[in-house]
2 protein chains.
Amino acid sequence: MEKSEPLAFLDHDHSQCRRTALKCANNQGLRLTKWRQLVLDLLLEDHRSMGAYEILNRLECNGVKPQPPTAYRALDFLVEHGLAHRIEKLNAYVACARPDACQSAGFIICKECNIVAEVECSPSNPELLRVAANVGFDAESTVMEVEGICSNCQNND
Amino acid sequence: MEKSEPLAFLDHDHSQCRRTALKCANNQGLRLTKWRQLVLDLLLEDHRSMGAYEILNRLECNGVKPQPPTAYRALDFLVEHGLAHRIEKLNAYVACARPDACQSAGFIICKECNIVAEVECSPSNPELLRVAANVGFDAESTVMEVEGICSNCQNND
DNA sequence: ACAAATCTGTTATAATGTTACACTCTCACT
DNA sequence: AGTGAGAGTGTAACATTATAACAGATTTGT
C-alpha cells in the first residue's frame, strides 16, 4: 500500500481499510460513544461520501431514530479527531482513508458514483500558500478538491 | 498590477477593479440583464464574499423584492461566464477579481472580515492532479481554498 | 461520593438551494 | 412588420443542510 494511492478507485481489500481506521480510533483514547461508533461504521462501509441526512436516515439504535444534531455532533467529533473529512463541494462526509497517516489531504471526487479518494499531499497549492504568506496571512485550513468522472464511470456511459 | 497579487488584502484602487470587470463583462457579448447587472454591481462593491440570501436581501428594483431563484439564476450566470466565483467553504460568492485573465483561481479567505483574495495559480495541487491522472480520472473542476486570518485582522485583536 | 465536564434528547428554527410552471421578452429570420 | 424559438423572469411551494437553546443523563477526575 503506497503512500498516495487513491485506493478508493482501485481494487483493494476494503476490510483492511476498516480495520486500520477502527484500530486507529480505539488507540487514540477517544470516547467513541454509541452514535460516534455508528456513524463511523456507516462511513467506513465504503469510500462513498454521505450527506448528514443520509447518515441520519440510516442511524437507528434500538429502534430509536435520532434528530439532526445527533448526526452533526458525531460528524463534528469525527472530523475534529481526523477520523472523517468534510467534502465542501458536496456538503458531505467521508471516512478518513488513512487515519494513521493523515497530515494533509486532497480529495478526488467522482460525481457519478460519489466515490471520494483521499490523497496525502502537500497542504494546498504551493503558489497559493506562498502568496498568502507574502501578505502575512495566517493559514489555518485548506480545501483541495478535484471533481470529475472516474475511470470506471467513464466506461459505463 | 502584478499577476498574482492578492489585491483584496492590499491597498488598491478598487474603482479600477470595478471598471475592469464591467468592461470585461460588456465586451463578451453577454446578455447582462437587469438582475445580472444588479448582482454583479453588488459583488463588485468590494472583495468580501456574499451569501445568496445576503444578495437577495439587497436586491430590489423599483421596489420589487425578488425570490430566491432570481438571485441563484443571476449568480449561476455570472459564475458560468467567469464574472464571479463560488466559494465552497462559505457557500458564498465573490466577483471575479481578474475576469480579463482568469484561468485557474485559488482563494484566500479571511474568516474574520470575509474578504476573499483571488490568486491566479496552477490548477489544483500538482500531486493531487498527478495521482488523479494516474488512475484515469477525468478532472473537470477544482477547488482551492485557504482559510485563516488576514494580516489586518490579526492586528485587530 | 461529588462536582465538573461531556454527551444526549428534543423542539424549534435558520440558512441554503431547487422544482415546476406560466408568462414575457429578445432575437433571428422571413 | 410578423412570428416562432429560445432565453429570461415571476412566483409559489418545497427540499436540503445546519444550528440554537436548554434540560437531563452519563462519564470522569479527585
Side-chain angles (χ1 to χ4, degrees), chain A residues 25-26 28-40 42-43 48-81 83-94 109 111 114 116 143 145 147, chain B residues 25-26 28-40 42-43 48-81 83-94 109 111 114 116 143 145 147:
Chain A
N26 287 314
Q28 284 186 255
L30 302 176
R31 268 171 82 179
L32 270 194
T33 60
K34 175 179 67 174
W35 297 124
R36 291 168 183 174
Q37 182 73 63
L38 286 170
V39 171
L40 182 57
L42 277 177
L43 289 178
R48 282 188 319 108
S49 66
M50 295 180 80
Y53 279 74
E54 184 182 351
I55 288 167
L56 195 54
N57 287 332
R58 295 190 49 196
L59 274 185
E60 184 253 308
C61 185
N62 308 328
V64 179
K65 288 262 189 183
Q67 297 293 313
T70 300
Y72 282 103
R73 285 163 181 160
L75 287 166
D76 287 350
F77 176 90
L78 295 173
V79 168
E80 188 173 348
H81 293 88
L83 299 171
H85 300 286
R86 177 176 164 84
I87 306 300
E88 295 296 341
K89 184 96 187 193
L90 302 179
N91 297 332
Y93 301 82
V94 281
I109 305 164
K111 59 189 193 185
N114 274 316
V116 174
V143 179
E145 295 171 358
E147 195 179 50
Chain B
N26 287 314
Q28 284 186 254
L30 302 176
R31 268 172 82 178
L32 271 192
T33 60
K34 176 180 66 172
W35 297 123
R36 291 168 183 174
Q37 182 74 61
L38 287 169
V39 171
L40 182 57
L42 279 177
L43 290 177
R48 282 188 319 107
S49 65
M50 296 181 80
Y53 279 74
E54 184 182 351
I55 288 168
L56 196 53
N57 287 332
R58 296 190 50 197
L59 274 185
E60 182 254 309
C61 184
N62 308 326
V64 178
K65 289 261 188 182
Q67 297 291 314
T70 300
Y72 282 104
R73 284 163 181 161
L75 287 167
D76 287 349
F77 176 91
L78 296 173
V79 168
E80 189 172 350
H81 293 87
L83 298 171
H85 300 286
R86 177 176 165 84
I87 306 299
E88 296 295 341
K89 184 96 187 194
L90 302 178
N91 296 334
Y93 301 82
V94 280
I109 306 164
K111 59 189 191 186
N114 273 316
V116 173
V143 179
E145 295 172 358
E147 195 179 48

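Chain letters run A, B, ... following the sequence lines, proteins first and then strands; every chain starts at 1. For the numbers below, each heavy atom of this structure counts, side chains included, while hydrogens, waters and symmetry mates do not.
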Distance check needed: [N] [atom2] versus [X] [atom1], whole Å only.
X	N	atom1	atom2	answer
N57(B)	dT16(C)	CG	C1'	13 Å
L30(B)	dA7(D)	CG	C1'	14 Å
L38(A)	dG9(C)	CG	P	11 Å
I55(B)	dT16(C)	CD1	P	11 Å
R36(B)	dC25(C)	CZ	P	16 Å
I87(B)	dT16(C)	CD1	C1'	16 Å
L59(B)	dG10(D)	CG	C1'	14 Å

Phosphate OP1/OP2 of [N]: any [X] side-chain N/O under 4.0 Å:
X	N	result
K65(A)	dT10(C)	no
T33(A)	dT26(D)	no
R86(B)	dG17(C)	yes
K34(B)	dG10(D)	yes

By the 4.0 Å heavy-atom rule, please label R73(B) as base, sugar-phosphate, or nothing.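 It contacts base atoms.
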
Classify P66(A) by what it touches in the nucleic acid, base, sugar-phosphate, or nothing, heavy-atom distance under 4.0 Å.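 No contact at all - P66(A) keeps every heavy atom at 4.0 Å or more from the nucleic acid.
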
Measure the spacing between NZ of K65(B) and CZ of R58(B) and express it to the nearest 0.5 Å.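 Atom-to-atom, K65(B):NZ and R58(B):CZ are 10.0 Å apart.
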
Nearest-neighbour nucleotide for the [X] side chain, [options] considered:
X	options	result
Y53(B)	dA18(D), dG9(C), dT16(C)	dT16(C)
W35(A)	dA18(D), dT18(C), dG9(C)	dG9(C)
Y72(A)	dC7(C), dT19(D), dT10(C)	dT19(D)

Closest-nucleotide ordering on DNA chain D, the 5'-leading residue of P69(A) and E54(A):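 In this pair, the answer is E54(A).
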
With nearest nucleotide decided by heavy atoms, which residue, R31(B) or Y93(A), maps closer to the 5′ end of DNA chain D?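 Looking at DNA chain D, the more 5' nearest nucleotide goes with R31(B).
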
Any L42(A) side-chain heavy atom under 4.5 Å of L38(A) side chain: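 Not in contact.
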
Would you indicate whether the side-chain heavy atoms of L83(B) and Q28(B) approach each other to under 4.5 Å?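 Side-chain contact under 4.5 Å: yes.
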
Flag, side chain of R86(B) to backbone of V79(B), donor-acceptor distance under 3.5 Å: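 Such a contact is absent between R86(B) side chain and V79(B) backbone.
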
Verdict with reasoning, L90(B) to E145(B), per side-chain contact (heavy atoms from CB on, under 4.5 Å): CA-CA 10 Å; L90(B) 302 178; E145(B) 295 172 358; over 6 Å; no

So which one's nearest nucleotide on DNA chain C is more toward 5', T70(A) or F77(A)?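 Upstream on the strand: F77(A).
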
